[in-house]
Undergrad: 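This is the structure, below, for whatever I ask next.
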Protein chains: 2
Amino acid sequence: MHHRKPTIEDVAREAGVSRATASRAMNNMPGSSARTRALVAQVAQTLGYRPDPAARALASGRQMAIDLVVINYEPDLVWIGGHPYFGRVIAGMTTALAGTDVQLRIHVASLDKAGELIDAVARTTAGAVLVNVTSDLAVRFWRQCPHVVSLNTPAPMVPLVASDNTGGAYTALAHLHRIGARRIAAIHGPSINACATSRRHGHRDLIEDAGMPDLSANGAFTREGGYRAAARLLEQHPDIDGMFVASDLMAAGAVQAITAIGRKIPDDVAVIGFDDSIAATCANPPLSTIALPVEEMAATATRALLDGDLAPTWLSNFPVRLITRQSTDAAALC
Amino acid sequence: MHHRKPTIEDVAREAGVSRATASRAMNNMPGSSARTRALVAQVAQTLGYRPDPAARALASGRQMAIDLVVINYEPDLVWIGGHPYFGRVIAGMTTALAGTDVQLRIHVASLDKAGELIDAVARTTAGAVLVNVTSDLAVRFWRQCPHVVSLNTPAPMVPLVASDNTGGAYTALAHLHRIGARRIAAIHGPSINACATSRRHGHRDLIEDAGMPDLSANGAFTREGGYRAAARLLEQHPDIDGMFVASDLMAAGAVQAITAIGRKIPDDVAVIGFDDSIAATCANPPLSTIALPVEEMAATATRALLDGDLAPTWLSNFPVRLITRQSTDAAALC
DNA sequence: TTGAAAGCGCTACCAT
DNA sequence: ATGGTAGCGCTTTCAA
């Protein structure tokens, strides 16, 4: 016996009705008796019929998908699972897509395969959100498909949803300064990352305005990096009384390093992170931080894609918000 | 001027070639001169032509997608972004899908919309991975589409990828016992969750074997829940010297509660979590925990879907692994 | 190397 | 309520 995948034709024949009737019955369209409906459903069931999504999409004209493209700079794909940011983007996109019949597709590639992926998705997508995609690759995408929004990474011409990273860093440092810290160290993210660079600028602005020295180190946006950077900074500058850490993940590591050498947080060293990710609340003590409305940003990007009017250089900017917890304020509620 | 979306027909006409030639040229198929190729590409570019994925899929017969279905029990969609587990599943699936031309689609629904989503996806998917989907809904899915794997939640007939939660809990508690803890409290997840239930069983088994009292509380799998449960347990049983917490997220909260009242970890109270998620490493001190190979599990589920031979009751079981860090072992490296 | 034409499986319109 | 049928936009033989 030859096993072809059953089509609606097979169902119709077996049920003794026309294709049209079978289609109506299975899609619960008006104009189809309950008897027929039941019969067709029954036949479809026993035949194991599954409608072909492509054929259905082609015939009906609807069916869309929005693509999320993420580039993975680390050699290991694991970071994407471990990174708190990524899930929030999906959550935001999902929210924006709820109620529509638009699907969400996910693509992840390492840096060496990034070009291929960009081209492949750009050729076929109805709209895409770019996360962690470098400026040049974003432009490459945009050239092939203008229905695209970059999240947080600016690129010439490419529509952008951004947040005020520079202002956020400034606010964070101003908070440390306000509560009395005067020897404030900073742990930055990698320069390749646009957010990290903006946050560096905010840091530079405030230490200039406040006339404080630049006590900076690089933490590579990882917890381990944050731990090591903090340990090194404290060794080189034992009088540090505040620490601005450009991501919560690094800040969680910094907190561990600080308490490991017996300093108290916030009494000896006040610490503030960035992102308001899960790492901020899991740290001990919980971290003051700058909240990024990632979900809303992703939702906005998605809606912009759905609406379709995306002029080049379209820009949506989101404010950030200071959240104070025990790492800068002993009296804060947990 | 009427703006229809340009089709390959338009490109062909404009380039003065046939549809077939245009198709070949754009897909870089053999049998197409460089001149034609360039010409067609040029025309396509200026016309802003984008191939219709549905039509292409229908005509070529290829193109598949695997679906990830997640049910969100919390009222708020945010948890999915905050939950460390979810991103790891995607990372695993992505790995398994790399190199194939199979797409990954994501679907999230709240509990009240879960039935709808299950039916919608089951009707059209070529294969699906179910995360956090209750047993009855998983069965409902399976009835409509047998190409499905449930992750960690057993359901009658439904193929399953599981990990040894019961054994993991037993191992975790045995570790606490081995390092000398005798008054061991437990913070559990919600009974509705299959993993939580298995971990309860492992806990029950060990305290019976070791002849220890049952000092249990419920932490709802949230950090806040873990914090409150730990605080309450310590108040009711001040002599607690060990704590088994059924998820790292809850354990991070428990750690905060324990240090907040001045107890030392691990000297006064040793703590062990579960999952080896980001919450475990961000806690302070870092948490000993039971590592779940979530990425591998998700990858296995995905590959099983791709291979296609999924007998009912197909089962793949993964071992778990004890990871020791400072929360049970002061000398552990960070 | 190119063109003509036959579908891919389904929906939706127009009759009946 | 049902059946016939014309496409949806593309790929892929088969001939030229």
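Every chain is numbered from 1 and lettered A, B, ... according to where its sequence line falls, protein lines coming before strand lines.
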Undergrad: Please tell me which of T21(A) and V17(B) maps to the more 5' nucleotide of DNA chain C, matching each residue to the nucleotide holding its nearest heavy atom.
TA: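 Whichever sits nearer the 5' end wins; that is V17(B).
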Undergrad: With a 4.0 Å limit, can you tell me whether S18(B) has a side-chain N or O closer than that to the phosphate oxygens OP1/OP2 of dA4(C)?
TA: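 Checking S18(B) against dA4(C): no side-chain N or O falls below 4.0 Å of OP1 or OP2.
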Undergrad: Contact boundaries of DNA chain D with chain A (under 4.0 Å, heavy atoms), 5' to 3'?
TA: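 It runs dA1(D) to dG9(D).
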Undergrad: Rounded to the nearest angstrom, tell me the gap between atom CD in E9(A) and atom P in dC10(C).
TA: 9 Å
Undergrad: Between the protein and nucleotides 6-9 of chain C, list every N/O to N/O distance that falls short of 3.5 Å.
TA:
unit_1	atom_1	unit_2	atom_2	d
dA6(C)	N6	R19(B)	NH2	3.3
dC8(C)	O2	L58(B)	O	3.4
dC8(C)	O2	A59(B)	N	3.2
dG9(C)	N2	A55(A)	O	3.3

Undergrad: Walk me through whether N152(A) and N165(A) qualify under side-chain contact (heavy atoms from CB on, under 4.5 Å).
TA: CA-CA 9 Å; N152(A) 263 321; N165(A) 281 293; 3.6 Å; yes
Undergrad: With sequence neighbours left out, write down each residue that passes side-chain contact (heavy atoms from CB on, under 4.5 Å) with A44(B), or none if nothing qualifies.
TA: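 For A44(B) the side-chain contact (heavy atoms from CB on, under 4.5 Å) partners, ignoring immediate neighbours, are V11(B), M26(B), Y49(B).
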Undergrad: I'd like to check the salt bridge (charged side-chain N to carboxylate O under 4.0 Å, His left out) partners of R143(A); sequence neighbours left out, ordered by chain and number.
TA: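 Salt bridge (charged side-chain N to carboxylate O under 4.0 Å, His left out) list for R143(A), sorted by chain: empty.
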Undergrad: Run the numbers on F141(B) and V133(B) for side-chain contact (heavy atoms from CB on, under 4.5 Å), then give the verdict.
TA: CA-CA 10 Å; F141(B) 193 108; V133(B) 174; over 6 Å; no
Undergrad: Please state how far atom CG in N28(B) lies from atom P in dT1(C), giving the value in whole angstrom units.
TA: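 Rounded to whole Å, this separation is 13 Å.
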Undergrad: Test of understanding: with side-chain contact (heavy atoms from CB on, under 4.5 Å), list the residues that count as partners of P293(A), not counting sequence neighbours.
TA: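 By the side-chain contact (heavy atoms from CB on, under 4.5 Å) rule, P293(A) matches E296(A), M297(A), F318(A).
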Undergrad: Tell me if a side-chain donor or acceptor on D52(A) pairs with a main-chain N or O of A54(A) at a distance below 3.5 Å.
TA: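 Flag set: sc D52(A) to bb A54(A) pair under 3.5 Å.
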Undergrad: Got a list of side-chain donor-acceptor pairs under 3.5 Å for residues 31-39 of chain B, not counting sequence neighbours?
TA:
unit_1	atom_1	unit_2	atom_2	d
S33(B)	OG	T36(B)	N	3.1
S33(B)	OG	T36(B)	OG1	2.4
R37(B)	NH2	S32(B)	O	2.9

Undergrad: Quick one: R24(B) CZ to dA5(C) C1', roughly how many Å, whole number?
TA: 12 Å
Undergrad: Go through the structure and list residues passing salt bridge (charged side-chain N to carboxylate O under 4.0 Å, His left out) with R140(A), not counting sequence neighbours.
TA: D119(A)
Undergrad: Looking at residues at least two apart in the chain, or sitting in another chain, which of them share a side-chain contact (heavy atoms from CB on, under 4.5 Å) with D10(B)?
TA: R4(B), P6(B), T7(B), R13(B), L47(B)
Undergrad: Can you list everything that forms a side-chain contact (heavy atoms from CB on, under 4.5 Å) with A299(B)? Sequence neighbours excluded, please.
TA: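 Partners of A299(B) by the side-chain contact (heavy atoms from CB on, under 4.5 Å) criterion, ordered by chain and then number, come out as A96(B), R303(B).
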Undergrad: Does one side chain, of T21(B) or S18(B), offer a donor that lies under 3.5 Å from an acceptor on the other?
TA: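 Yes - a donor-acceptor pair under 3.5 Å links their side chains.
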Undergrad: Which angle, to the nearest 10 degrees, lies between the helix axes at the two ends of the helix from dT1(C)-dA16(D) to dT16(C)-dA1(D), each defined by five pairs?
TA: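 One end's axis against the other's: 30°.
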Undergrad: Which residues in residues 32-42 of chain A have at least one heavy atom lying under 4.0 Å from any atom of DNA chain C?
TA: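 Those residues whose heavy atoms fall under 4.0 Å from DNA chain C, taken from residues 32-42 of chain A, amount to none.
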Undergrad: At 4.0 Å (heavy atoms only), tell me whether G61(B) reaches a base, stays on the sugar-phosphate, or touches nothing.
TA: nothing
Undergrad: Which donor-acceptor pairs under 3.5 Å do side chains of residues 123-130 of chain B form with protein atoms, sequence neighbours excluded?
TA:
unit_1	atom_1	unit_2	atom_2	d
T125(B)	OG1	D67(B)	OD1	2.6
T125(B)	OG1	G127(B)	N	2.9
T125(B)	OG1	G127(B)	O	2.8

Undergrad: Taking all heavy atoms of I71(B) and all of A114(B), pick out the closest pair and write down the distance.
TA: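 Scanning both residues completely, I find the closest heavy atoms to be CD1-CB, 3.6 Å.
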